[in-house]
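Just below is one structure, and these are the notes that go with it.
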Amino acid sequence: DIQMTQSPSVLSASVGDRVTLNCKASQNINKYLNWYQQKLGEAPKLLIYNTNNLQTGIPSRFSGSGSGTDYTLTISSLQPEDVATYFCFQHNSWPLTFGSGTKLEIK
Amino acid sequence: EVQLVETGGGLVQPGRSLKLSCVASGFTFNNYWMSWTRQAPGKGLEWVASITNSGGSTYYPDSVKGRFTISRDNAQNTLYLQMNSLRSEDTATYYCTRGLGVDYWGQGVMVTVSS
């Protein structure tokens with residue numbers, strides 16, 4: 001099974017900061033990496049698919065990059081409504097697996 | 001607008017069965033693979049099952065293989081998850097999700113396995 005390791009587990013940043021979340025796969029996942037945002041009490045929402053493609057309707061301050069085993073989600077200017085837990089997800093091989101999440105807080 | 005509406009959750013005793021349903025609308029259902037994903041209370045996300053658009057192939061992680069069965073009725077735009085031999089560790093919110101790449105999620109349905 002491919003293990004997805006997210007770091008940090010908790011991130012505290014100020015409004016307007018540039019924020020980077022990391023996701024490392026235990027083997028090459030060929031850019032089949034998605035990022036989801038989950039706010040408290042809600043279903044997850046797709047932000048980025050296949051490493052760097054912005055889902056329709058998602059603000060352009062969100063971007064993704066990476067290759068091989070290492071991937072990042074960047075928020076260029078943190079907004080109060082970005083408070084949430086962020087999960088990465090690989091759909092390159094079975095079983096499909098999620099990271100354990102990064103909880104993003106506002107300082 | 002893509003909509004996925006799950007039903008069928010509830011409280012069930014260990015060892016018993018439960019069947020979840022998900023009605024899809026807003027897209028051509030039989031063009032898409034479909035999946036189920038779950039989230040235990042306060043925990044992360046776990047993929048549970050996937051099915052091809054025709055229903056001809058299904059996929060499961062080892063944690064549910066042999067106990068859970070995913071199926072679909074393309075005429076009714078409905079996805080199912082039959083859960084047998086339920087365990088306490090199956091307690092979670094179950095989400096119906098679209099596609100292998102999981103782009104849309106339903107609102108989720110709670111399943112509690114407890115005596």
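All chains are named by letter (A, B, ...) in the order of the sequence lines, taking the proteins before the strands, and each is independently numbered beginning at 1.
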- prompt: Between B:Leu81 and B:Val113, is there a shared hydrophobic cluster once you connect ILVMFWY residues whose side-chain heavy atoms come closer than 4.5 Å?
  reply: yes
message: Checking one residue: A:Leu40. Which other hydrophobic residues are in its cluster under the side-chain 4.5 Å linking rule?
response: none
field: Co-membership, hydrophobic cluster, residues B:Met83 and B:Leu4, 4.5 Å side-chain
entry: yes
- prompt: What residues, two or more places apart in sequence or in another chain, satisfy ring-ring contact (aromatic ring centres under 6.0 Å, His included) together with A:Phe98?
  reply: A:Phe89
- prompt: Of all residues at least two apart in sequence or in a different chain, which pass the salt bridge (Lys or Arg N to Asp or Glu O under 4.0 Å) check with A:Asp70?
  reply: A:Lys24
task: Check A:Ala43 against B:Gly106 and note the closest heavy-atom contact, atom names and distance.
output: CB-O, 3.3 Å
query: Do B:Val12 and B:Met110 sit in the same hydrophobic cluster, where Ile, Leu, Val, Met, Phe, Trp and Tyr count as joined when their side-chain heavy atoms come under 4.5 Å apart?
result: no
Are there donor-acceptor atom pairs under 3.5 Å between chain A and chain B, and if so which?
from    : atom 1 : to       : atom 2 : distance (Å)
A:Asn34 : ND2    : B:Gly101 : O      : 2.5
A:Tyr36 : OH     : B:Gly101 : O      : 2.9
A:Tyr36 : OH     : B:Val102 : O      : 2.6
A:Gln38 : OE1    : B:Gln39  : NE2    : 2.9
A:Gln38 : NE2    : B:Gln39  : OE1    : 2.8

